[in-house]
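Sequential numbering from 1 along the given sequence is applied to the chain's residues. What you see below is based on every heavy atom in this structure, not just the backbone, and it leaves out hydrogens, waters and symmetry mates.
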Amino acid sequence: MTTASATAPVGVEAGAPPRSVVSRITDRLGSGVVQVVMVLLGLFWLVPTLGLLVVSLRTVQVNSAEGWWTIFTKPAELTIENYSNLLASGFTASFWNTVAITVPTTILVIGIAAMAAYAFAWMEFPGRDTLFLVVVGLLIVPIQIALIPIASFYGGIGIFGSIPGVVLFHVAFGLPFAIFLLRNFFVGIPASLLEAARMDGASEWKIFASVVFPLGKPAIASLGIFQFLWVWNDMLIALVFANPGSQPMTKALQSQMRQFGSNVDILSSGAFLSLIIPLVMFFAFQRYFVQGMMAGSVK
């Protein structure tokens with residue numbers, strides 16, 4: 001009688017599920033070739049960023065006469081004149097407005113959502129499940145339907161057009177997803193850890209600060225990256241709720257494009273400046289981001 005092990009391919013255990021085509025190709029090519037291909041793909045996706053950087057470091061006349069790739073044969077064309085003009089145009093204030101909006105929003109969303117997620121995951125109180133369903137339901141509420149009512153409300157309390165008003169709007173619409181994400185992560189923490197802390201006399205706040213929050217760092221870091229990028233790159237809320245004195249970089253760039261459609265020197269340098277900060281943010285927390293994305297995939 002022919003057994004399953006006799007007919008199984010070499011290197012495949014009997015009864016093992018069939019391997020995917022990608023896995024078989026990876027084994028044949030070797031990990032080194034795959035890594036080279038991945039590096040080449042990464043460099044390919046960075047080509048637009050490199051082109052934007054080169055355009056921002058050349059004069060308008062040079063950019064109009066030739067493509068950005070000619071910089072490899074003419075490095076002397078590089079100049080920081082565009083960035084000097086950008087700073088002179090008052091773009092610095094918009095940069096700091098963006099920081100003043102993004103950083104507090106990210107911190108508030110993470111702090112409030114983490115505490116709410118812990119309560120939904122590990123604390124018993126009346127109406128907990130119903131309230132959590134309400135939070136999940138808020139995920140499908142479009143931002144657009146709230147713009148006019150909240151703008152009227154902001155006008156009534158005197159914060160329309162201010163940075164705190166923009167921050168509050170971002171926090172309100174960022175919390176439902178943040179609470180949903182962190183709650184689903186916190187429920188995966190072993191209950192024995194929390195019970196052991198309670199037996200040692202730890203309060204709920206102590207358990208949250210000393211046990212749950214440190215274990216949730218991968219998910220919290222992933223949420224922080226997403227929230228930072230969403231707020232940093234937002235333009236819709238800035239167009240509605242920010243006045244010229246509190247406008248972030250996205251609105252400042254949009255106004256430059258409206259007034260001076262061929263103002264490539266200001267637009268390119270401003271766009272690259274608004275791009276480089278999120279890139280630094282992502283690479284700085286890349287390790288935690290990967291851990292957060294893989295959390296829960298391995299038991």
Side-chain angles (χ1 to χ4, degrees), residues 48-49 52-58 60 79-113 143 147 150-151 153-155 157-175 178 220-261 263-286 288-289:
T49 304
L52 179 63
L53 173 61
V54 172
V55 171
S56 68
L57 291 173
R58 301 199 307 180
V60 178
T79 177
I80 61 172
E81 179 183 353
N82 294 340
Y83 288 93
S84 300
N85 296 334
L86 179 70
L87 297 178
S89 66
F91 196 80
T92 306
S94 298
F95 172 82
W96 289 115
N97 287 338
T98 306
V99 174
I101 292 172
T102 306
V103 174
T105 298
T106 304
I107 294 174
L108 287 173
V109 168
I110 290 175
I112 298 174
I143 293 179
L147 294 177
I150 294 182
F153 174 71
Y154 279 3
I157 63 177
I159 63 172
F160 182 82
S162 65
I163 290 179
V166 180
V167 171
L168 288 176
F169 193 97
H170 280 297
V171 171
F173 277 87
L175 280 176
I220 292 171
S222 299
L223 172 64
I225 292 174
F226 281 124
Q227 186 66 39
F228 186 93
L229 295 178
W230 288 334
V231 179
W232 186 276
N233 295 320
D234 170 75
M235 187 171 70
L236 174 61
I237 299 174
L239 286 173
V240 177
F241 294 102
N243 59 28
S246 61
Q247 65 179 4
M249 290 189 295
T250 51
K251 186 176 180 179
L253 288 174
Q254 188 270 343
S255 63
Q256 288 286 340
M257 184 177 296
R258 184 177 67 247
Q259 295 175 8
F260 310 104
N263 201 9
V264 179
D265 53 342
I266 299 295
L267 293 176
S268 60
S269 54
F272 185 80
L273 183 61
S274 65
L275 171 67
I276 193 63
I277 301 299
L279 284 178
V280 172
M281 175 75 177
F282 177 81
F283 285 114
F285 294 94
Q286 182 183 17
Y288 295 104
F289 178 77

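- Across all their heavy atoms, Ala178 and Val109 have their closest contact at CB-CG1, 3.7 Å.
- A distance-only check finds a donor-acceptor pair linking the side chain of Ser246 to the backbone of Asn243 [under 3.5 Å].
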Test side chain to side chain contact (heavy atoms under 4.5 Å, CB included) on Ile101 and Val231 and set out the steps.
-> CA-CA 8 Å; Ile101 292 172; Val231 179; 3.8 Å; yes

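- The closest donor-acceptor contact from the side chain of Tyr154 to the backbone of Gly161 lies at 3.5 Å or more, if one exists at all.
- Ser56 is linked by a side-chain hydrogen bond (donor to acceptor under 3.5 Å, both in side chains) to Tyr83, counting only residues two or more places apart in sequence or in another chain.
- Between Leu253 and Ser274, the closest side-chain pair of non-hydrogen atoms falls below 4.5 Å.
- Contact of the Pro278 side chain with the Leu229 side chain is registered, since non-hydrogen atoms from C-beta on lie closer than 4.5 Å.
- Using a 4.5 Å heavy-atom cutoff, the side chains of Ile277 and Phe228 are in contact.
- Residues Leu53 and Thr49 have side chains not in contact (no heavy-atom distance under 4.5 Å, counting atoms from C-beta outward).
- Although no hydrogens or angles enter the test, the distance criterion places no donor-acceptor pair under 3.5 Å between the side chain of Lys251 and the main chain of Met235.
- How far CG of Leu108 is from CD of Gln227: 10.0 Å, rounded to the nearest 0.5 Å.
- With values rounded to the nearest 0.5 angstrom, Arg58 atom CZ is found 14.0 Å from Ser269 atom OG.
- No side-chain donor-acceptor contact under 3.5 Å links Asn97 to the backbone of Ile163.
- The line from CD of Gln247 to OG of Ser94 is 4.5 Å long, rounded to the nearest 0.5 Å.
- Looking at Leu147 and Leu236, their side chains come closer than 4.5 Å, going by heavy atoms from C-beta outward.
- The aromatic rings of Phe169 and Phe241 sit tilted relative to each other, their planes meeting at an angle between 30° and 60°.
- The two residues Gly155 and Phe160 come nearest to each other via the heavy atoms N-CB, 3.9 Å.
- More than 12 non-hydrogen atoms from other residues, nucleotides or ligands lie less than 6.0 angstrom from CG of Leu279.
- Counting only distance, with no hydrogens or angles, the side chain of Asp234 and the backbone of Trp230 share no donor-acceptor pair below 3.5 Å.
- Asn82 places none of its side-chain heavy atoms less than 4.5 Å from the side chain of Leu57.
- Atom CD1 in Ile159 sits 5.5 Å away from atom CG in Leu168 (nearest 0.5 Å).
- Side-chain atoms of Ile237 and His170, non-hydrogen and from C-beta on, do get closer than 4.5 Å to each other.
- Separating the CG atom in Asn233 from the CG atom in Leu275 is a distance of 8.5 Å, to the nearest 0.5 Å.
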